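Per chain, numbering begins at 1; letters A, B, ... match sequence-line order. Just so it is clear, the model here is predicted, and its values are computed rather than measured. Basis for what follows: all heavy atoms, side chains included, without hydrogens, waters or symmetry-related copies.
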There are 2 protein chains.
Amino acid sequence: MKAQVFDLLADPTRRRILDALRERDRSVGELVDLLEISQPAVSKQLRILRDAGLATVRIDAQRRIYRLTPARLLELDQWLAPYRAFWEDRLNDMEKTLNSMED
Amino acid sequence: MKAQVFDLLADPTRRRILDALRERDRSVGELVDLLEISQPAVSKQLRILRDAGLATVRIDAQRRIYRLTPARLLELDQWLAPYRAFWEDRLNDMEKTLNSMED
DNA sequence: ACTTAATATAACTAGTCAGGCATATAGCTG
DNA sequence: CAGCTATATGCCTGACTAGTTATATTAAGT
């Protein structure tokens, strides 16, 4: 049901959808025009994003308007944090090495 | 050859390997003990990480010691940046709404 | 109610991929 | 070099998944 955020982002189509929704809310039809795949394929990915909590729908006549809900992307940010620390340490080490070489 | 960073992170085994390498450099054997899968399976994932530029090997007798090279994780960080902007806007909007409700 | 528009679901299929086992390769030790 | 240790590669299989077509559903307009 609630997939890992990593799995969600692994698919390029889903990433394109997220990118599009970041700009503004979009109907399914708009997304179909944008991506070049069938309408059912788009609806399927939208369902996955919805189930995962990355998007919400609102109804506008026959249209369904999708909106990005980025909360779960915080998980990515959190996962990344210790790696960020890691690579900053690496840079500091290199700096130190350079400085000691100057002596 | 050089896979998308998203695809690399989609696999839980690879994430566990990265986590382990973040702590310290590790031989293949250590990783095999840690994860509970066969040695060939571990070697396979290590090859993928190596090819993707997320790890490097150095030789120590028969052992191969793997080290994390986190540079490519910056790609994630960069991908995430506009979404970060997006969700911060969202939070600001909510704040404004709350403030106006106080009036 | 009947028709058209917009979207969702179902069933199927082709491609991908992680893991298992067997085997090859590389490096040490006696 | 024989035998042992550590790792890599090849081949196979089962599981998963994104897309396709066909069909169902939902909502509007006439």
Just jot down the side-chain contact (heavy atoms from CB on, under 4.5 Å) partners of E30(B), sequence neighbours excluded, or say none.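 R24(B), R26(B), S27(B).
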
Nucleotide by nucleotide, 5' to 3', does protein get under 4.0 Å of the base (B), only the sugar-phosphate (S), or neither (-) in nucleotides 25-30 of chain C, counting heavy atoms? -SBS--

How does protein contact run along nucleotides 16-21 of chain C, one letter per nucleotide 5' to 3', with B for base contact, S for sugar-phosphate only, - for none, heavy atoms under 4.0 Å? --BBSB

Rounded distance (Å) that lies between atom [atom2] of [N] and atom [atom1] of [X]:
{"X": "L31(A)", "N": "dG19(D)", "atom1": "CG", "atom2": "P", "result": "13 Å"}
{"X": "R63(A)", "N": "dT4(C)", "atom1": "CZ", "atom2": "P", "result": "18 Å"}
{"X": "I65(B)", "N": "dA6(D)", "atom1": "CD1", "atom2": "P", "result": "11 Å"}
{"X": "L46(A)", "N": "dT17(D)", "atom1": "CG", "atom2": "C1'", "result": "17 Å"}

Any ion pair linking R84(B) and D77(B) (charged N to carboxylate O, less than 4.0 Å)?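 Counted as a salt bridge, because a side-chain N and a carboxylate O are separated by less than 4.0 Å.
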
For the pair R22(B) and D19(B), find out whether any cationic side-chain nitrogen is under 4.0 Å from an anionic carboxylate oxygen.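 A salt bridge links R22(B) with D19(B).
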
Using only side-chain N and O atoms of Y66(A), determine if any of them is under 4.0 Å from OP1 or OP2 of dA8(C).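 Yes, because at least one side-chain N or O of Y66(A) sits under 4.0 Å from OP1 or OP2 of dA8(C).
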
Any side-chain N or O of R47(A) less than 4.0 Å from the OP1 or OP2 oxygen of dA8(C)?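 False: R47(A) side-chain N/O out of range (4.0 Å or more) of dA8(C) OP1/OP2.
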
Specify the closest pair of heavy atoms between L9(A) and L73(A), including all atoms of both residues, with the distance to one decimal.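 Where L9(A) meets L73(A) most closely, the heavy atoms are CD1-CD2, 4.3 Å.
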
For residues L31(A) and A20(A), report the shortest heavy-atom separation together with the two atoms involved.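 Residues L31(A) and A20(A), closest heavy atoms: CD2-CB, 3.9 Å.
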
With ring-ring contact (aromatic ring centres under 6.0 Å, His included) as the rule and sequence neighbours excluded, what pairs involving residues 3-25 of chain B come up?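 Those involving residues 3-25 of chain B are F6(B)-W79(B).
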
Please say yes or no: joined through hydrophobic side-chain contacts below 4.5 Å, possibly via intermediate residues, are I17(B) and Y83(A) part of one cluster?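 Yes, because I17(B) and Y83(A) connect within a single hydrophobic cluster, where side-chain heavy atoms sit under 4.5 Å apart.
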
If hydrophobic clusters are built by linking Ile, Leu, Val, Met, Phe, Trp and Tyr wherever their side-chain heavy atoms come under 4.5 Å apart, do W87(B) and L68(A) end up in the same one?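 Result: yes, single cluster for both.
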
Please, which pairs that meet salt bridge (charged side-chain N to carboxylate O under 4.0 Å, His left out) have at least one residue in residues 60-69 of chain A, sequence neighbours excluded?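 Salt bridge (charged side-chain N to carboxylate O under 4.0 Å, His left out) check on residues 60-69 of chain A returns D25(A)-R67(A).
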
For D11(A) and R15(A): C-alpha separation, side-chain torsions, deciding distance, then whether salt bridge (charged side-chain N to carboxylate O under 4.0 Å, His left out) applies. CA-CA 6 Å; D11(A) 182 67; R15(A) 288 201 301 276; over 6 Å; no

Please list, in numerical order, the residues of residues 17-30 of chain A that have a heavy atom closer than 4.0 Å to any atom of DNA chain D.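 Correct list: empty, so none.
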
Spatial distance of atom OH (Y66(B)) from atom CZ (R50(B)) [nearest 0.5 Å]: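 Y66(B) OH to R50(B) CZ: 4.0 Å, rounded to 0.5 Å.
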
